[in-house]
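Down below is the structure, laid out as structure tokens.
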Amino acid sequence: MAQNRREEIAGFVVTAEQMRHIEGRVFVAGMPVAALMEKVAGLIVRRIQVYHPNHSLRVGIIAGSGHNGGDALVVARELHFHGYDVLIYRPFSKLKELTSQHFQYAKNLGIPCFDDISALKDCDLIIDGLFGFGLERIITDPVATAINQLNQWSKTIISIDLPSGLHTDTGEALGIAIRATRTFCLGLWKLAFLQDQALEYIGEAELIDFDLPLTDIKAVLGDQPNIRRITPEFALSHLPLKRPPVTHKYKQGHLLLICGSHKYAGGAILTGLGARASGVGMLSMAVPESLKDILTAQLPEALIIGCPEETGAIAYLPETIELSDYSAIACGPGLTKDASSVVQSALNSTIPLILDADGLNILAQLGTIPTLSQRQAPTILTPHAGEFKRLFPDAPDPNKDRVNAVRKVSQHGAIVLLKGARTAIADHSGSIWIIPESTPALARGGSGDVLTGLMGGLVAAASTRKMPIENIVASAAWWHATSGILAAQERTELGVDAFTLTQYLISVLR
Ligand SMILES: NC(=O)C1=CN([C@@H]2O[C@H](COP(=O)(O)OP(=O)(O)OC[C@H]3O[C@@H](n4cnc5c(N)ncnc54)[C@H](O)[C@@H]3O)[C@@H](O)[C@H]2O)[C@H](O)CC1
Ligand SMILES: [K+]
């Protein structure tokens, strides 16, 4: 039970409102709020003692007016009983009833309480129980100044549920927010943890499960929640790891890559190497004629098709290429903007198409939405924020609320993978997948080419296995990010050039 509950729980993502509804069901079912607070705070204390076992530490507790503050005050009491040297900073005079009772008891136990944060200046560790998912508006003075002061001290800070000041859903700092060293997210992952702009405040994030019943969670989120964090189990279950005993190269799909130009020969090679790692049965690559030899040398197993070229870019696809012969096409890396006719051909195909890089820029020039409406088969777009804005100028800013941005544009029929520190994927039904772990090491030229090849190979291989294509896209993105993380662990974040990344794709599966 424990393992698969943990996996299932880790896959959910909730808004503040959904969390309130889920917890509301628990209270209506009879669980006293005070009991839940006691249980949660007890779990928090256990984790604090794992990271900070030295009981002579001086711990500063910041207690807000709501139940986040209540959690923090119970933590204060328990750490005090365990012998830690505890101080409390309480900025608000008006407290919720339960929070107020915990404050009274802490005070009567003789724990020093202050209404000025400077009293915590010499603490070794700060516990942030100022705001949780109840934060509704911009933080104003005097609390804003106190938070600014706290951030200046650059102390070790553990935030309860969320770093105080972050909007639970968008991850935006409402005026100002605490920069936590570590954040214990309570019960279920909040949406903020998947928003790029929140990452600098969250620090190391971990989920504290306090046994919310799955029935209550699913009653509010539905059986197929529409935002999911990709867990390793989900991703691996969609990768073609087990080869059926009787298979042949065409059964494992045939991918056509359309990529490369005089200027970007390397992009074609990296895309090919990504496709190789996917295990796709057959790989064909349409590149400018003058790149044929270099590609053949790098990828002897691939069928390299030399195309007529103009100004170093592919001019058009030769008649010999019949697009319906392939199980998927991935088009874009290194094409340059001069290859619009070949992108147009790819868009006119009736098989799954992945567009990346210049393929996306050319789609934007052709007119994204009308062009997508003509597509006869699944289309996957893999933009970074800049390409996203060119493709969908009227969509919400992808750097502000990426989940909302990617959901909005998925109504145009394509599966959209928005790259970033936390890659977000939306399918045309508005379901969202988030890759929760990644590494800055991947923010380098060429790493996107590898993803395109890898994803193309997986989509081609899956087309013979009737799997939802958006699950394949999410698994490919997870595989790519996880390989980057492994490579960064072994070679530091500076050591993950795109070629190296291709060498880690297989080792991650091992
Ligand atoms: N649902 C539960 O009972 C449990 C919640 N847990 C913890 O409690 C918080 C959520 O508690 P809640 O009281 O709803 O909200 P907060 O503690 O985040 O309190 C915010 C508090 O402050 C007021 N407020 C909102 N914005 C501002 C602002 N900009 N300036 C000043 N004051 C503001 C608002 O009125 C609220 O009263 C959750 O995160 C958990 O930590 C328990 O863990 C389980 C039970
Ligand atoms: K907090």
Side-chain angles (χ1 to χ4, degrees), residues 14-45 47-48 60-76 89-103 126-147 150-151 157-169 171-193 198 201-203 205-212 216 220:
V14 291
T15 61
E17 189 190 5
Q18 288 168 328
M19 193 64 189
R20 256 190 287 279
H21 286 166
I22 295 167
E23 288 193 343
R25 290 172 61 92
V26 169
F27 300 140
V28 163
M31 180 68 175
V33 178
L36 189 58
M37 188 172 283
E38 201 64 29
K39 175 172 185 168
V40 166
L43 293 166
I44 293 169
V45 168
R47 295 303 295 156
I48 289 172
I61 305 282
I62 304 179
S65 62
H67 289 178
N68 198 244
D71 290 346
L73 289 165
V74 175
V75 167
Y89 162 57
R90 167 199 164 175
F92 300 115
S93 48
K94 220 173 77 49
L95 305 180
K96 277 189 177 176
E97 178 50 35
L98 184 53
T99 309
S100 173
Q101 286 175 299
H102 285 306
F103 179 77
I126 300 289
I127 306 297
D128 158 27
L130 195 55
F131 299 117
F133 65 67
L135 180 69
E136 292 137 358
R137 51 191 189 278
I138 298 282
I139 296 178
T140 54
D141 273 339
V143 176
T145 302
I147 291 176
L150 174 64
N151 286 339
I157 300 175
I158 292 180
S159 283
I160 296 175
D161 209 9
L162 287 147
S164 296
L166 286 195
H167 187 290
T168 312
D169 304 349
E172 193 181 348
L174 294 184
I176 189 167
I178 286 181
R179 291 179 188 284
T181 314
R182 186 181 303 286
T183 303
F184 294 151
C185 185
L186 304 181
L188 296 166
W189 288 111
K190 310 303 181 296
L191 198 44
F193 286 78
Y201 293 100
I202 288 171
E206 69 178 76
L207 189 63
I208 291 196
D209 179 6
F210 56 85
D211 303 315
L212 288 169
D216 289 318
V220 173

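Both counts, for ligands and for their atoms, begin at 1 and track the order of listing. Please read these numbers as outputs of a predicted model, since none were measured by experiment. Below, all heavy atoms of this structure are taken into account, side chains as well, without hydrogens, waters or symmetry copies.
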Judging by distance only, is a nitrogen or oxygen of [X] under 3.5 angstrom from one on ligand 1?
X      : value
Arg20  : no
Phe133 : yes
Val40  : no

Shortest non-hydrogen contact between [X] and [Y], atoms and distance:
X      : Y      : answer
Gly129 : Ala72  : CA-CB, 3.7 Å
Asp209 : Asp211 : OD1-N, 2.8 Å
Arg20  : Gly134 : NH1-CA, 4.3 Å
Phe193 : Leu162 : CE1-CD2, 3.7 Å
Ser164 : Leu130 : OG-CB, 3.2 Å
Val75  : Val45  : CA-CG2, 3.9 Å

Just jot down the ligand 1 atoms closer than 4.0 angstrom to any heavy atom of Leu186, in number order.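 Listed by number with element: 40 (C), 41 (O), 43 (O).
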Report, in ascending order of atom number, the atoms of ligand 1 lying under 4.0 Å from any heavy atom of Phe92.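 By the 4.0 Å cutoff, the relevant atoms are 31 (C).
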Metal proximity, [X] vs the K ion (ligand 2), N/O/S cut-off 3.4 Å:
X      : answer
Leu162 : yes
Asn68  : yes
Asp161 : no
Ser159 : no
Ile160 : yes
Gly129 : no

Got a sec, which pairs hit salt bridge (Lys or Arg N to Asp or Glu O under 4.0 Å) with one end in residues 60-69, sequence neighbours left out?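 Every pair satisfying salt bridge (Lys or Arg N to Asp or Glu O under 4.0 Å) with a residue in residues 60-69: there are none.
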Non-hydrogen atom of Phe210 closer than 4.0 Å to ligand 1: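 In this structure, Phe210 fails to qualify as a contact of ligand 1 - no heavy atom is under 4.0 Å.
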Does ligand 1 have an atom that lies less than 4.0 angstrom from a heavy atom of Ser65?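 Yes.
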Identity and separation of the nearest protein heavy atom to [atom]:
atom                    : value
atom 35 (O) of ligand 1 : Glu136 OE1, 4.1 Å
atom 39 (O) of ligand 1 : Asp161 OD2, 2.6 Å
atom 11 (O) of ligand 1 : His67 CB, 3.4 Å
atom 1 (N) of ligand 1  : Glu23 OE1, 2.3 Å
atom 19 (O) of ligand 1 : Gly66 CA, 3.6 Å
atom 30 (N) of ligand 1 : Phe131 CZ, 3.8 Å
atom 41 (O) of ligand 1 : Asn68 ND2, 2.7 Å
atom 15 (O) of ligand 1 : Gly134 CA, 3.2 Å

Which option out of [options] puts a heavy atom nearest to [atom]?
atom                    : options                      : answer
atom 16 (P) of ligand 1 : Gly69, Ser159, Gly132        : Gly132
atom 40 (C) of ligand 1 : Leu98, Ile138, Leu212, Asp71 : Asp71
atom 27 (C) of ligand 1 : Met19, Lys39, Arg137         : Arg137

Side chain, backbone, both or neither: which part of Val33 comes within less than 4.0 Å of ligand 1 when only heavy atoms are counted?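 Val33 to ligand 1: side-chain contact only, backbone stays beyond 4.0 Å.
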Which is it for Lys96 and ligand 1 at heavy atoms under 4.0 Å: side chain, backbone, both or neither?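 The part of Lys96 near ligand 1 is the side chain, not the backbone.
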Do [X] and [Y] come within less than 4.5 Å of each other through their side chains, counting heavy atoms only?
X      : Y      : value
Thr99  : Leu73  : yes
His102 : Glu38  : yes
Ile208 : Val40  : no
Leu166 : Ile202 : yes
Ile44  : Leu186 : yes
Leu212 : Met19  : yes
Phe131 : Ile178 : no
Tyr201 : Thr183 : no

side-chain hydrogen bond (donor to acceptor under 3.5 Å, both in side chains) partners of Thr15, counting only residues at least two apart: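 So Thr15 forms a side-chain hydrogen bond (donor to acceptor under 3.5 Å, both in side chains) with Gln18.
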Taking the K ion (ligand 2) as the vertex, what is the angle from O of Phe131 to OG of Ser164, given to 10 degrees?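 The two atoms form an angle at the metal of about 70°.
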